[in-house]
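Everything below concerns the one structure shown next.
A quick note: this is a predicted structure, and the numbers were derived from the prediction, not measured. Numbers restart at 1 for each chain; the letters A, B, ... are given by sequence-line order, proteins then strands.
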Amino acid sequence: MAKYNPKKIEAKWQEKWYDSNVFKAQNRSKKKKFYLLVEFPYPSGDGLHVGHCRSYTAIDVIARKKRMEGFNVLFPIGWDAFGLPTENYAIKKGAHPSVVTKNNTDNFRRQMKELGFSFDWSREINTTDPKYYKWTQWIFLQLFKNGLAYKDKIAINWCPTCKIGLANEEVISGKCERCGTKVEKKEKEQWMIKITKYADRLIKDLDNVNFLEKIKIQQKDWIGESRGALIKFSIGGIDDNIEVFTTRIDTIFSGTFLILSPGHSFIDKYGSKIENIDEVLKYREDSKIATDINRTNIDKDVTGVQLKRITARNPATNEEMPVWIADFVLEQYGTGAIFADAHDKRDFKMAKKYSIPLRTSIKPDDELLVQKTKNLEECFDGEGILYNSMQFDGMKSAVARPLIVAWLASKSSAQQKISYKLRDWVFSRQHYWGEPIPLIFCAQCGWQPVPEKDLPLELPKVKKYKPTETGESPLSAIKKWVNVKCPKCKSPAKRETDTMPNWAGSNWYYLRYCDPKNNRKLADAKLLKYWMPVDWYNGGMEHTTLHLLYSRFIFKFLWDIGAVPKSIGSEPYKKRTSHGMVLGEKGIKMSKSKGNVINPDTIVKQYGADTLRIYEMFMGPFDQMIPWDTKGVVGARRFLEKIWKLCSSSLRGATATKQSNLEISINKTIKKVGEDIEEMKFNTAVSSLMILTNEFIKNKDFLTKDDVKILLLILSPFAPHLAEELWRLAGFKGLCCEQKWPKYNVKLIEEEKVLLIVQVNGKVRDKIEVDFGIDQKQTENLALSSNKIKNWIADAEEVEKVVFVQNKLINLVTIDKTK
RNA sequence: GCCCAGGUGGCGGAAUGGUUUACGCGAGUGACUUAAAAUCACUUGAGAGAAAUCUCAUGCGGGUUCGACUCCCGCCCUGGGCACCA
């Protein structure tokens, strides 16, 4: 028989699979549907990363197994192709981004096909295709029409050298990712999406989905819900008040001053009433520059300026209190103002520095701390027992809080309030290679949506798409495109020239896969009803707080407005898992600059796709970061060679009396591999396939064709090409990947004889072979008759207690009678 | 600072209350070969011993248990996330 030649057989089977559409998902089927999703890649010029290969192989293994189990599997792929790297690369090479994108996707597609991924290629999508982004724009318009998109002036990251606005992820430790210049803040009008309106639902609905716990935790932390109260502080001499958010209303009686963020609107409104307004405004300006640098430096000194001649009234104590501004109070969180007291470390620090009066009202449980706290030697910011707090004296913090809120609410100066850390989503970019935002500004009518019949609003094909000097989008330079008539009043108007961020196209792509060619709707309701929700979505941990959150939000929105059927439920993904990163050798992150990037093409060429697949599954736990080891690839290849040899020699019809041990191993392996795939324990699944193969080789003479058949079936999701080739060579009918997943026989998993551990006082002293299912009395007798065991029990000792675990272990606990 | 994950041979790792070190890599010895590669067989945690065998070892220190890599308490270290969030 011929040598194992992966190059030849892999190309052959890929052609067979893709030509005969075996991986095509059926829109109509008697089978149960199963929608498996991998994050579609950004088609960069570097080609597929071995990390892509790992996560895609893993989900491909699951897809292949699910098909064999009789599911109608939807396993689609596409390209998230808008974005900066392509634009930058295109600028550098002088090619148009669309050409670069085409080349890159062609390359990615070739690589994926060469790895034998069982994607349904008939559903391939591309976010830069106008037929696709028509619906990305349509979704934006729905957000706009429902009041969830608004324009706001916010500070963006601005690189003074590149003259370009940068996304947060393009800023590396305060510097521009590309040129290393220190990034500045620049105020700019940006389109914002009100994701904050969905904050509560984005947390609550996590209870109904099967996401890895760490993913849920990270999303919850990111949204950052805090339950507390809103307190109104009236201002002396002004008929207005300042609102404050707190989670510690139990400390209200020690509140002796108020602190506003430097940007607080009170200063703008009542500047004339502030005696030292110049000083205040100067502090405000200084803090604008300082904020980002100081954020990383937690131990920095607190600074602040008092608003002279302004006082607030503490609604609990009715005392007048000074009002300050300080840059540690954040404008964007809560109300941008806090009440300050001795029970907060920063407030305490600030009061000490500027000699602002302090008072305590919470007694710690720790007696040693009580005096120190009272004497204001140390700040106590924990929970404790209230004092100096009128009718709330003696209560625990947690008990007092709702009561104080209720009491102040009765005087209409407080109410319950939930605050979130989550911010609204900055949705505009000043770049060319993105979806144009389909809005038109008219001096008379304001912002008007591009009529839906005019969608897609295509990105104009131009030669100049470099970012502009001013930070405006490159589209603003295209006069012909910018100047249009207002859709409402027909007077001259201008298009929005910003484009959408990368996330726009990936928000809803899983919906498009259900019906990728629909021209009338983002997807047909019937098909959405059938395929959605996604049964299993795997992706990177780094997308937990961005893409995963954004897409959950957009789905909820579409669900609310009835753009997707209600019957799907309000969550797009039933299950979310996550893979670990593949690092370079020695555990350093792969990067071009370090020269440690592994190109999957090289591995495929040298060892074959099946070897790469097996290696990537075998290298370690799927959810863990793992260093690449090219030496280890050899082991995967050897394993496949062994199977090749085994099958080519034994398949000549050797039939012999079955060895019961072999049968047990086969059934155990079917069970183990099947269960391991479901739990994503691919490394141990491959390991058990290796063990079975080794056992087959040892018992070669007893192997039957059926034994080999089973091995090929359970191997096929991992090494599909090899399995397919050997399947055919053995003369089995049809395609291996279309066979039924084998069932194991429960009765054949139990062995007749088991090796039982004999312990004396918890230490292993002997191992005895016993019949399966033997009872305690018999085991005890066998154990005690062992000479080894006899030696471990001294004459003066007696067995006091016996611990027995059937088929596993017996432990004899002795007692010294002489004592 | 807070939250999450992890720490086991020379290396990747296996074992989630019951044989620590499966499987693979690497290394070593032997067979085949003129030779090398490939392949096959055997060995491979540390220490002691001629051997049978024994002792010790899962980041550190305690605890629970007949028995702990596994559970509990307190630390240390590594990786990831968040970070002046009131």
Side-chain angles (χ1 to χ4, degrees), chain A residues 212-222 224-226 228-229 244-249 251 259 261 291 294-300 302 326-330 332-341 343-347 349-350 381 419-423 541-542 544-545 580-581 583 585-587 614-615 618-621 623-636 638-639 641-642 645 681 683-691 693-694 697 755-767 788 791 799-805 807-814:
Chain A
L212 285 184
E213 204 48 39
K214 61 175 174 180
I215 295 174
K216 288 190 184 183
I217 290 168
Q218 239 186 67
Q219 287 214 345
K220 279 183 194 162
D221 285 354
W222 182 262
E225 182 185 271
S226 303
V244 154
F245 173 74
T246 181
T247 54
R248 290 297 305 274
I249 202 168
T251 66
I259 312 174
S261 62
T291 310
N294 285 348
R295 265 195 200 174
T296 50
N297 181 10
I298 266 161
D299 294 325
K300 65 139 194 175
V302 289
D327 63 3
F328 73 80
V329 178
L330 302 175
Q332 314 93 308
Y333 183 74
T335 62
I338 60 167
F339 80 83
D341 60 79
H343 295 295
D344 179 281
K345 288 212 164 74
R346 292 149 309 175
D347 300 352
K349 217 166 157 185
M350 178 149 166
D381 63 359
S419 269
Y420 298 94
K421 287 184 200 169
L422 185 72
R423 304 279 150 77
M541 221 36 218
E542 70 275 19
T544 303
T545 51
M581 218 198 298
L583 302 170
E585 307 216 8
K586 291 177 197 132
I614 290 279
Y615 172 67
F618 183 62
M619 65 198 297
D623 58 348
Q624 212 171 285
M625 263 203 220
I626 214 99
W628 181 268
D629 178 18
T630 300
K631 276 193 201 132
V633 179
V634 178
R638 278 187 200 142
F639 165 58
E641 294 271 10
K642 273 188 196 172
K645 257 191 220 160
K681 288 153 101 180
N683 53 335
T684 51
V686 173
S687 153
S688 54
L689 285 168
M690 286 171 168
I691 293 169
T693 305
N694 291 341
I697 291 167
L755 200 62
L756 193 126
I757 307 306
V758 185
Q759 294 182 334
V760 177
N761 293 324
K763 297 215 170 190
V764 182
R765 296 305 180 190
D766 200 6
K767 296 161 192 181
K788 278 186 198 166
N791 288 336
V799 174
E800 187 207 16
K801 187 180 166 187
V802 178
V803 181
F804 178 68
V805 183
N807 302 324
K808 267 194 177 160
L809 163 143
I810 186 161
N811 184 13
L812 310 168
V813 185
T814 61

For B:G49, decide between syn and anti, treating a glycosidic angle within 90° of 0 as syn. anti

Side-chain N or O of [X] closer than 4.0 Å to phosphate OP1/OP2 of [N]:
X: A:Gln624; N: B:G13; value: yes
X: A:Arg638; N: B:U39; value: yes
X: A:Asn683; N: B:A14; value: yes
X: A:Arg346; N: B:C85; value: yes
X: A:Ser226; N: B:A86; value: yes
X: A:Asn694; N: B:G24; value: yes
X: A:Lys631; N: B:G10; value: no
X: A:Lys801; N: B:C66; value: yes

In the structure shown, which nucleotide is the Watson-Crick or G-U wobble counterpart of [N], with both distances under 3.5 Å?
N: B:G18; value: B:C66
N: B:C60; value: B:G74
N: B:U29; value: B:A41
N: B:G1; value: B:C82

Rounding to an integer number of angstrom, what distance separates [N] and [M] when you compare their [atom1] atoms?
N: B:U55; M: B:G59; atom1: C1'; result: 22 Å
N: B:A36; M: B:A31; atom1: C1'; result: 15 Å
N: B:A22; M: B:G45; atom1: P; result: 8 Å
N: B:C32; M: B:C40; atom1: C1'; result: 9 Å
N: B:A14; M: B:G7; atom1: P; result: 9 Å
N: B:G63; M: B:U58; atom1: P; result: 16 Å
N: B:U16; M: B:U8; atom1: C1'; result: 14 Å
N: B:G17; M: B:G67; atom1: C1'; result: 8 Å

Kindly say whether the aromatic ring centers of A:Tyr420 and A:Trp222 come within a distance under 6.0 Å.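 For A:Tyr420 and A:Trp222, the ring centres are not under 6.0 Å apart.
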
Examine the base of B:G18 for any acceptor or donor lying under 3.5 Å from a partner atom in the side chain of A:Gln759, and report the outcome as yes or no. yes

Verdict with reasoning, A:Lys801 to A:Asn811, per side chain to side chain donor-acceptor pair (under 3.5 Å): CA-CA 8 Å; A:Lys801 187 180 166 187; A:Asn811 184 13; over 6 Å; no

Could I get the full list of side chain to side chain contact (heavy atoms under 4.5 Å, CB included) partners for A:Lys421, not counting sequence neighbours?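 So A:Lys421 forms a side chain to side chain contact (heavy atoms under 4.5 Å, CB included) with A:Tyr333.
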
Assign each of A:Thr335 and A:Lys214 the nucleotide of RNA chain B bearing its closest heavy atom; nearer the 5' end lies the nucleotide of A:Lys214

If you assign each of A:Lys681 and A:Ile338 to its closest nucleotide in RNA chain B, which residue comes earlier from the 5' end? A:Lys681

Please check this pair: side chain of A:Gln218 against backbone of A:Thr544, looking for a donor-acceptor N/O pair closer than 3.5 Å.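 Not confirmed, A:Gln218 side chain does not pair with A:Thr544 backbone.
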
If you look at every strand shown and take non-hydrogen atoms under 4.0 Å, does A:Val244 touch a base, only sugar-phosphate, or nothing? nothing

If you measure only the distance, is there a donor-acceptor pair under 3.5 Å linking the side chains of A:Thr814 and A:Glu800? no

State plainly whether the residues A:Asp344 and A:Arg346 are in salt-bridge range, i.e. N to O under 4.0 Å. yes

